[in-house]
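A short worksheet on the structure shown next.
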Amino acid sequence: MTAGTGQQRERGFDHTEVEPKWQRVWDERGTFRIPDDAEDPAYVLAMFPYPSGEMHMGHVRNYAITDAYARYRRMRGEAVLHPMGWDSFGLPAENAASERDVDPRGWTMDCIANMKEQMEIMGLGFDWEREVTTCEPEYFRWNQWLFTRFYEAGLVEREGAELNWCPSCETVLADENVNTEGGTEICWRCDTPIEHRDLEQWFFTITDYADELYETLDEMDGWPDNVREMQRNWIGKQAGDSVAFELSTGDSVEIFTTRLDTIYGATFFALSPGHGLAQELADDGDEVADYVHRAEHTDEELDQTSGVFTGEYATNPATGEEVPVYIADYVLEDIGTGALYAVPAHDERDHAFAEAHDIPIEQVIEPAPDADVDPEDIDVGEAAYTADGVLTNSAEYDGLTSAEARERFVDVFDGEHRIEHSLRDWCISRQRYWGTPIPFVECPDCGYVPVPDEELPVELPEFIQTTGNPLDAAEEWKSVACPGCGGPATRETDTMDTFVDSSWYFLRYVSPDLETAPFDTDRASEWMPVDQYVGGIEHATMHLIYSRFFTKVLKDLDLLDGVREPFKNLLTQGMVRKEGTAMSSSTGNVVSPRPFVEEYGADTARMFMLNAAQPEKDFDWTEEGARSAHTFLQGVYDLAAEFAAGDVAGEGTAKSEGETGGEHAVIHEYVAREVAATAATATEEFEAFRFNHALQAVRELVSLLRRYRDATTPDPDVFEDGVVTVTKLLAPVAPHVAEEMWDKLGGEGLVAEADWPDATPPEGYDIERRLVENTREDVREIADVAGIDDPERIRIVVAPEWKHAAHDLALESDADDLVGEVMGHEQFRQHGNEAASFAKDLQTEREALTPALSAAEEVAALERARWLVEREFDATVTVEADDDAPDLADDAEPGRPAIRID
RNA sequence: GCGAGGGUGGCCGAGCCUGGCCAAAGGCGGCGGGCUUAAGACCCGCUUCCGCAGGGAUCCGUGGGUUCGAAUCCCAUCCCUCGCACCA
């Protein structure tokens, strides 16, 4: 579209002028700074970005959400911590370095400067004095310090394991960094198919906390269900039992099972090809060795039921029988113990294997009597019966339920209850340059020795271009004296996974410049947890688990007091799409924030995003939507400006005598009540993060104010209150326009620092609103049905007070005979048959009755809303109490006045 | 396969926890009217069907159930999205 560029604009505001102006003012006044001595502030946090150099709409949305919320809380009078920083280590900087012949640090810093500028242009209210940059030694020295503490606490291990290796990034990847696409495992960053390599690496033993990480999820009701579910899946808790089987090889092999109740039905034993014993049995160069080799070292897709008999037998501890030992590919090495006893009758995979290898199938479970399956229908020869049930063919245990049997068998077979998790320890080693050096030295005599705290940080050597790990090539840097014995030693050349950086950055914001510790324990204990965390769902199983792990460890190391979870409430924001698909720079399907903001302003972008959908939902970026936000903001500004200029309710605007008082007082009152009601609604919606609903309420109020202005000469106080309220309610979302309006309206100080409007709804508002809406609706319907196109006079007659009293009585009374109850009162009896018949009506609708206003209140409420009806129908409208209109009052009921249209 | 979330009027989307005021907010689109030289913006309506006074019928994926009463609660079933997935 062609923007308003070049065309004169007599109305509205110029965002290119207004926005930088207020950004400067906020900055100068330190509006968003929070002092260190603030008491338990609201901690509102957006996931800090990797500084790629350019903001995209996803960022804008993320920060628009946290900023709106933070500004809202601040206006409510709370101290608010809303910081920002840079997750600035990571591979892209190295890639850029090799592509453009720059060094990662310089490139990263340029990107940060660029991103920061864009954030400032958006008017985001961060406390920049708390900015944190993870690639600075002042930050990452604490990664190293914490690493050492973890090491001392026994939470660091160096082990050899088969690891995911990305040949393109030339580094290992944690399981979390491996994605699966069409069956192949690929690197999350570059989509290269990963390989597996046996390597010695550094691990954090996050599995020590697996159970707590899992269990606490149940209580974390400030988190979305899907994220909690993803974490549950990821941790993969499995409660079962382990039992040892004696093999004819002389080995005792431990298995893990969740179905110990089926042990009598075990007819073979299976080892995964990667199991230690399988490897031993394969040494002979026979078909066992061949199978293990094919399973382990080739790309061959082995059949589900493939396997090989080892010639060995295992003793079933339950039956004493010898069952054959197979090596089978369907048995996974890293699940359970990598070995299992197989019960073909009650496990589908075991069943399939047994059929293929002609192994007997013994039923030991039958459906419980209360199951809706007929035991006669079960044929385990056909298919496994996998449900729990009642034991059979299990010696003296027949008749026990599955659950009972599992409980008993643990003791009987000398096993133990075990909790297994699929969560693995966290491999944090990366063979890359742009990360935190792991603060260890390898000494030929002392082994791995930690770098003493006083020598931290271990800084990075100068960057050099090399195919492998640049740290490995930095010979001078590598060579160091062993802290233990003083002899020649070598620095560890692995750097840390960048998820280490982001696992505690939210604590560094508390005391970003502290030089004696990663964070101030007292203050962090008071300020934490983060009250509201907002970011993308993609971090559900990585960053969000690691941060939880770190927080628990820090608590156990006494670095935190009383905080075991970092994020109280979590919001995962939806995607900003374009034409139904994700914005993607690779396809050019993007709207870039910078040019958009230059043309329409930051407020428009923020307003549109928050107005378009609830934060957690995806939405489409549309030109119409953006424009409508822009139009709205211009319009509100104009309204405020007109009022400020005295064009609406100032002196000399009176349309006629008496419009400002008397008969018009009720109109002013109506508007005043709507203003208060809007503040109440908007507050509720802000609390619940439904900015779109809050904005809807504001739009409706603005529309009402316009009608008010057009219908009469507004009361200056009422109108001002309306415009001021709109300004305040808009301030968290469109802060620059709001400041401009506030300024025009003569507000004191900044609206960003102003008090939030009173959020108490007017008394009886909901009932009143319903009455007014219903009545207006009824008038329309009658006029329509009766075919009255151009009504002259509309009479609205409220039901007599006694009907209201009877209605109230019906609401309260629990008497069976309502008619009798009502007629027992003289005040109703005097109305004779009419009262009896009304009581009968009440009796009929009894269960559906809702509170109503009194007759006088109804008259007042309708009187206040009368102008809207007059305006709509261009007719004379009267609101009457029943005494004034005995001819119509009979038809009226509480909440439903009689209506006469002529 | 397992698990989580969801299926609402032309479209988007609220409501569902805490059943009744729900033919179901709001927006978009469409239609009519006002304002305007006109367009835009703005304002007022209409937008399931029937009805010459506020009434009635049908309706919230499908089928049952609970209840005086169900979009809302329960059960079953189908479909969609996401996550995990040869999990012992």
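Basis for what follows: all heavy atoms, side chains included, without hydrogens, waters or symmetry-related copies. Naming convention: chains lettered A, B, ... in sequence-line order (proteins, then strands); numbering from 1 in each chain.
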Nearest whole angstrom, please: distance from the C1' of C43(B) to the CG of L701(A). 16 Å
Assign R769(A) to base, sugar-phosphate, or nothing according to its heavy-atom contacts below 4.0 angstrom with the strands shown. nothing
Between R780(A) and G45(B), is there a side-chain N or O to OP1/OP2 distance below 4.0 Å? yes
Taking salt bridge (charged side-chain N to carboxylate O under 4.0 Å, His left out) as the cut-off, I'd like each qualifying pair that reaches into residues 231-243 of chain A, sequence neighbours left out, listed once. D211(A)-K237(A), E215(A)-K237(A), D218(A)-R232(A), E229(A)-R232(A)
Can you check the distance between C42(B) and A4(B), where both ends of the measurement are the P atom (answer in whole Å)? 46 Å
With R706(A) via salt bridge (charged side-chain N to carboxylate O under 4.0 Å, His left out) - residues at least two apart: none
Looking only at atom P, what distance separates U62(B) and C78(B), rounded to whole Å? 15 Å
Side chains of S306(A) and D329(A), donor plus acceptor under 3.5 Å: no
With W867(A), the side-chain contact (heavy atoms from CB on, under 4.5 Å) member among V877(A), V671(A), T712(A): V671(A)
E685(A) CD to H693(A) NE2 distance, which is reported to the nearest 0.5 Å: 6.0 Å
With rounding to the closest Å, how many angstrom separate the P atoms on G20(B) and C28(B)? 28 Å
Over how many whole Å does the gap from E777(A) atom CD to C22(B) atom P extend? 11 Å
Single hit among T267(A), T262(A), V380(A) for side-chain contact (heavy atoms from CB on, under 4.5 Å) with E362(A): T267(A)
Hey, what are the protein-to-nucleotides 12-15 of chain B N/O distances that come in under 3.5 Å?
unit_1 : atom_1 : unit_2  : atom_2 : d
A14(B) : OP1    : K617(A) : NZ     : 2.5
A14(B) : OP2    : K617(A) : NZ     : 2.8

State the CG-NE2 distance between L570(A) and H539(A), to the nearest 0.5 angstrom. 11.5 Å
Is T257(A) touching bases, backbone alone, or none of the nucleic acid, heavy atoms closer than 4.0 Å? sugar-phosphate
Nearest whole Å is fine: how far is C42(B) P from E642(A) CD? 14 Å
Give me the distance, rounded to whole Å, that separates C75(B) from C22(B) when you measure between the C1' atoms they each carry. 25 Å
Residues passing the side chain to side chain contact (heavy atoms under 4.5 Å, CB included) test with M575(A), sequence neighbours excluded, are R577(A), A582(A), D618(A)
How long is the line joining OH of Y637(A) and C1' of A41(B), in whole Å? 18 Å
RNA chain B: Q696(A) or V331(A), which has the more 5' nearest nucleotide? Q696(A)
Residues in salt bridge (charged side-chain N to carboxylate O under 4.0 Å, His left out) with E333(A), at least two apart? none
Would you say G45(B) has OP1 or OP2 under 4.0 Å from some side-chain N or O of R776(A)? yes
Run the numbers on R406(A) and D261(A) for side chain to side chain contact (heavy atoms under 4.5 Å, CB included), then give the verdict. CA-CA 5 Å; R406(A) 283 194 287 268; D261(A) 54 315; 3.2 Å; yes
Quick one: L705(A) CG to C42(B) P, roughly how many Å, whole number? 16 Å
For nucleotides 47-60 of chain B, just jot down a letter per nucleotide in 5' to 3' order: B, S or -, based on protein non-hydrogen atoms under 4.0 Å. ----BSBBB-----
All side chain to side chain contact (heavy atoms under 4.5 Å, CB included) counterparts of I767(A), not counting sequence neighbours: P851(A), L853(A)
If you measure from the P atom in G9(B) to the same atom in G54(B), how many Å do you get, rounded? 29 Å
In which ranges does RNA chain B form stems of 3 or more consecutive Watson-Crick or G-U pairs, distances under 3.5 Å? B:1-7 with B:78-84, B:10-12 with B:26-28, B:29-34 with B:42-47, B:48-50 with B:55-57, B:61-65 with B:73-77
Could you say whether S703(A) or E700(A) is positioned toward the 5' end of RNA chain B, judged by the nucleotide with the nearest heavy atom to each? E700(A)
Taking N or O atoms only and anything under 3.5 Å, show me the protein contacts with nucleotides 79-86 of chain B, one pair per line.
unit_1 : atom_1 : unit_2  : atom_2 : d
C86(B) : O3'    : R349(A) : NH1    : 3.2
C86(B) : O2'    : R349(A) : NH1    : 3.3
C86(B) : O2     : Q304(A) : OE1    : 2.3
C86(B) : O2     : Q304(A) : NE2    : 2.8

Rounding to the closest angstrom, what is the interatomic distance between A70(B) and G33(B) at atom P? 41 Å
What nucleic acid atoms does V779(A) come within less than 4.0 Å of, heavy atoms only: base, sugar-phosphate, or nothing? nothing
In whole Å, I'd like the distance from the CG atom of D874(A) to the P atom of C35(B). 11 Å
What pairs with F256(A) under ring-ring contact (aromatic ring centres under 6.0 Å, His included), at least two apart in sequence or on another chain? none
Can you tell me how far C1' in U48(B) sits from the matching atom in C16(B), rounded to whole Å? 23 Å
For the C1' atoms, the ones on G65(B) and on G56(B), what distance do you get once it is rounded to whole angstrom? 27 Å
Mark yes when over 12 heavy atoms from residues, nucleotides or ligands other than E348(A) sit less than 6.0 Å from its CD; otherwise mark no. no
Determine whether the aromatic ring centres of residues Y341(A) and F269(A) are separated by less than 6.0 angstrom. no
Please report, rounded to the nearest Å, how far the C1' atom of G5(B) is from the CD1 atom of I537(A). 11 Å
Sequence neighbours excluded, every pair satisfying salt bridge (charged side-chain N to carboxylate O under 4.0 Å, His left out) that has a member inside residues 771-780 of chain A: R776(A)-E872(A), E777(A)-R780(A), R780(A)-E872(A)
Would you classify R871(A) as touching base, sugar-phosphate or nothing, given that sugar-phosphate means primed atoms plus P, OP1 and OP2, and contacts are heavy atoms under 4.0 Å? sugar-phosphate
Atom-to-atom span, CG of D710(A) to C1' of C35(B) - whole angstrom: 11 Å
Could you tell me which residues satisfy salt bridge (charged side-chain N to carboxylate O under 4.0 Å, His left out) with E858(A), sequence neighbours excluded, listed by chain and number? none
